[in-house]
Number of protein chains: 2
Amino acid sequence: MTVSIKDVALKAGVSVATVSRVLGSGPVSDALRARVEEAVAATGYRPNLSARRLRSQHSQTIGLIVSDIRNPFFTAVSRAVEDAAFQAGMRVILCNTDENPDREAMYLRLMQEERVTGLIFAPTRTTLGRLDRAGLDFPVVLIDRSGPSGLYDSVVLDNQQAAAALVGHLHAQGYRRIAGLFGNTSTTAVERHGGYHAAMIEHGLTPDARFVPPYAEAAEAEVAGWLADGSSVVRPDAVMVSNSLLLMGVVKAARKHGLSIPGDLALAGFDNEAWTELVGPGLTVIEQPVHEIGCAAMNLLFERLDVPDRPTRKVVLSGTCVVRGSTAPWEASRV
Amino acid sequence: MTVSIKDVALKAGVSVATVSRVLGSGPVSDALRARVEEAVAATGYRPNLSARRLRSQHSQTIGLIVSDIRNPFFTAVSRAVEDAAFQAGMRVILCNTDENPDREAMYLRLMQEERVTGLIFAPTRTTLGRLDRAGLDFPVVLIDRSGPSGLYDSVVLDNQQAAAALVGHLHAQGYRRIAGLFGNTSTTAVERHGGYHAAMIEHGLTPDARFVPPYAEAAEAEVAGWLADGSSVVRPDAVMVSNSLLLMGVVKAARKHGLSIPGDLALAGFDNEAWTELVGPGLTVIEQPVHEIGCAAMNLLFERLDVPDRPTRKVVLSGTCVVRGSTAPWEASRV
DNA sequence: GTCTGCTGTGGAAACGATTACAAAGACGAC
DNA sequence: GTCGTCTTTGTAATCGTTTCCACAGCAGAC
């Protein structure tokens, strides 16, 4: 049915070894090379990657496991990864786990069965904790989230600094009751909370952090809660949000309950997505160097493939604060 | 180095055939099954998928080629596809082509070399035209875009009807100078233009369609053009936009040039993305049944795998019009 | 003329699984 | 006791490549 290298060899009147050498690299005379190429074209031959991989023990495949490709941060990273991979003649298997440790475990098993050349991985907090026991026999580069341990290479944003920058900015603009809203699954949120907490203390303010599931609805409910209680809870006049889904939830809640931004509630978050510019007065956010993060991860991976036993490295990149109307000066927004 | 089925067989004191039967399906006594499972656990054995695929001639892999995963429509579809695939015990190779025919050709070649079980494909107009000559020897289901030919199964939105619905809605709200802004690469845009054109005629209005590259910047420049000319071009009082990137561009231009929505320009588009609810007065859009589209595609694929030579089918789904403030009645918005 | 080395080629052994086939044992039916 | 049938197991062929090895031919050095 399907045409194999044998058929090509037969048609060209050469051995399969010669065909293989023409397709790959190896010494072969011009005359035979021409005959083989003609036979390949005539038969419409396509090499079987499974067979090639089995024999050569090179999968030329890199795995990319992220929590959710719908998160534009990961979308951008994956594009960078894919570009780098194809430049290196490799394929990318993309998996998203929905922050579900079971799915992560399944995908890690798949990566092993596929014998991937390397893996770029944004693990949940749960999986990160047991990653050292996973027994992965290929290089791994962690992105976005990384543990304290130096077991794997990683590339991350300086989350503490970024969160502190947002708090500093809000403080400079005159806000004092600054709440923090964080996701409760990723280590990223933990680090951002660390930066938030430290900065609040440093500025002599009282930290007020909430951890919620990483969905817009959760953030919306949280904000609704502030308004419902009224008496018992001191409503913040600004909120720092640790990811863009939660940010969206806060905006939704503000619209729903008629809160003006920043008049009733100033707002600052993470990830400079296209829509943050368009919503209300524009949203102040930390912009991550998404493309660079993807590139850095691929570089770390290739370098480790080159020198398997060099010490692990952690690349820390800085975000930049994009200031927009959602954090206009406190006095001005009271007028 | 890496442990193979042979090592497991040796450790369990059985033949490789028995190990294979335990892992797959086949008659094997409870005693041996237990010994094999123990050996698998002890050795940390993971089957080699390349070998399995080569021998069994089943790749258990489906390809998904889209123009750009950053397009939330494709993101949602891919999620549905992935879920269905994993439920069927299959893997998904995700490729995005950036609307580039060369990249498409490369990926199609890759699909052949991977011997995929089936392919779900959103082709560019260029590739769609020569798809019949591609000689693909696996089932293909086209999504989002589909040709007139009945060569492949497909699942699409009723684009004519959807575009006509938007025009009808704008007309009912009192708008008369309704421009249309369309991408210039996809057949989707062509169909939506068809619906727009027909509906305009039907309502006794003069069509005013522009085709631009599918980037936000292109839409932004187009709108800027309307304002710059001033005298020569009659500025539309409403615009129908054929995809969400262009929609974003129009919103950006409106903000930049101080156009109020819908006061100066009413706006209606496609794809009910989360941010369309949050921008300005909310944007009126056609919501596509994205999840159903993905599911329908997978169903078509599985049915064709079941009955390879049945006649091709085209599943046409309808969108729903989500009305928001960007298309408030003309009179009201003039007040 | 022999020896060495280099180039191009083919034969055949892997790679790690599945699976066709054969064999061995158990069990009833006669 | 013999025969057929059914279940469980092992042996070996096979999938489509790459790659090791052998070898033929040829050129140059001695």
Side-chain angles (χ1 to χ4, degrees), chain A residues 1-37 39-40 43-61 89 91 109-110 112-117 137, chain B residues 1-37 39-40 43-61 89 91 109-117 137-138:
Chain A
M1 222 64 35
T2 168
V3 33
S4 82
I5 200 173
K6 231 169 180 167
D7 304 309
V8 177
L10 201 67
K11 180 131 194 161
V14 300
S15 74
V16 293
T18 300
V19 177
S20 176
R21 278 188 282 253
V22 169
L23 266 45
S25 62
V28 47
S29 67
D30 293 347
L32 285 200
R33 179 178 299 274
R35 286 219 322 260
V36 168
E37 278 167 355
V40 165
T43 53
Y45 166 71
R46 288 284 148 224
N48 182 319
L49 284 186
S50 294
R52 174 175 293 181
R53 289 202 262 252
L54 172 60
R55 173 58 230 226
S56 68
Q57 302 286 71
H58 289 126
S59 67
Q60 301 290 69
T61 299
R91 275 152 287 288
R109 211 160 45 232
L110 176 65
Q112 295 179 281
E113 299 184 354
E114 291 277 5
R115 306 289 194 263
V116 294
T117 306
D137 38 8
Chain B
M1 221 60 35
T2 170
V3 34
S4 84
I5 198 173
K6 232 170 181 168
D7 305 308
V8 177
L10 201 66
K11 179 132 194 160
V14 299
S15 74
V16 294
T18 301
V19 177
S20 177
R21 278 188 280 255
V22 169
L23 266 47
S25 61
V28 46
S29 67
D30 293 345
L32 284 199
R33 179 178 298 276
R35 283 213 332 252
V36 168
E37 279 167 355
V40 166
T43 54
Y45 167 71
R46 288 286 147 224
N48 182 318
L49 284 186
S50 293
R52 176 177 290 179
R53 288 201 264 253
L54 172 60
R55 172 60 230 231
S56 68
Q57 302 287 71
H58 288 126
S59 68
Q60 300 290 70
T61 299
R91 274 150 288 287
R109 212 160 44 232
L110 176 64
M111 294 298 112
Q112 295 180 281
E113 300 186 352
E114 291 276 4
R115 305 291 195 264
V116 294
T117 307
D137 39 7
F138 42 76

Exercise for review: Would you kindly give the CG-to-C1' distance between A/Leu49 and D/dT18, to the nearest whole Å?
Suggested key: 13 Å

Review point. Heavy-atom distance under 4.5 Å between the side chains of A/Val40 and A/Glu37, does that happen here?
Key: no

Review point. Between CZ of A/Arg46 and CE of B/Met111, what distance do you get to the nearest 0.5 Å?
Key: 13.0 Å

Exercise for review: Would you confirm whether B/Thr43, through its side chain, and B/Ala39, through its main-chain N or O, come within 3.5 Å as a donor-acceptor pair?
Suggested key: yes

Point to revise | pair B/Lys11-B/Val8: side-chain heavy atoms closer than 4.5 Å | key: no

Exercise for review: Taking only heavy atoms on the protein side, list every residue of residues 20-32 of chain A lying under 4.0 Å from any atom of DNA chain C, sorted numerically.
Suggested key: A/Arg21, A/Pro27, A/Val28, A/Ser29, A/Leu32

**Study point:** Separation between OG of A/Ser50 and CZ of B/Arg55, rounded to the nearest 0.5 Å
**Key:** 13.5 Å

Check your understanding: Tell me: NE2 of A/His58 to C1' of D/dT19, nearest whole Å?
Key -> 13 Å

Practice item. In whole angstrom, give the distance that lies between atom CD of B/Gln60 and atom P of C/dA17. Key: 16 Å

**Study point:** Atom pair CZ (B/Arg53) and CG (A/Leu54), whose distance is rounded to the nearest 0.5 Å
**Key:** 11.5 Å

Review point. Between atom CD of A/Glu114 and atom CD of A/Gln112, what is the distance when rounded to the nearest 0.5 Å?
Key: 11.5 Å

Practice item. To the nearest Å, give me how far apart CZ (B/Arg33) and P (D/dT8) are. Key: 10 Å

Point to revise | Note: A/Glu113-B/Arg52 ion pair, threshold 4.0 Å (strictly below) | key: no

Check your understanding: Rounded to the Å, how far apart are A/Arg35 CZ and C/dG8 C1'?
Key -> 13 Å

Can you name the atoms? Protein N/O to nucleotides 13-16 of chain D N/O, anything below 3.5 Å, with the distance.
from	atom 1	to	atom 2	distance (Å)
D/dT14	O2	B/Arg55	NH1	2.5
D/dC15	O2	B/Arg55	N	3.4

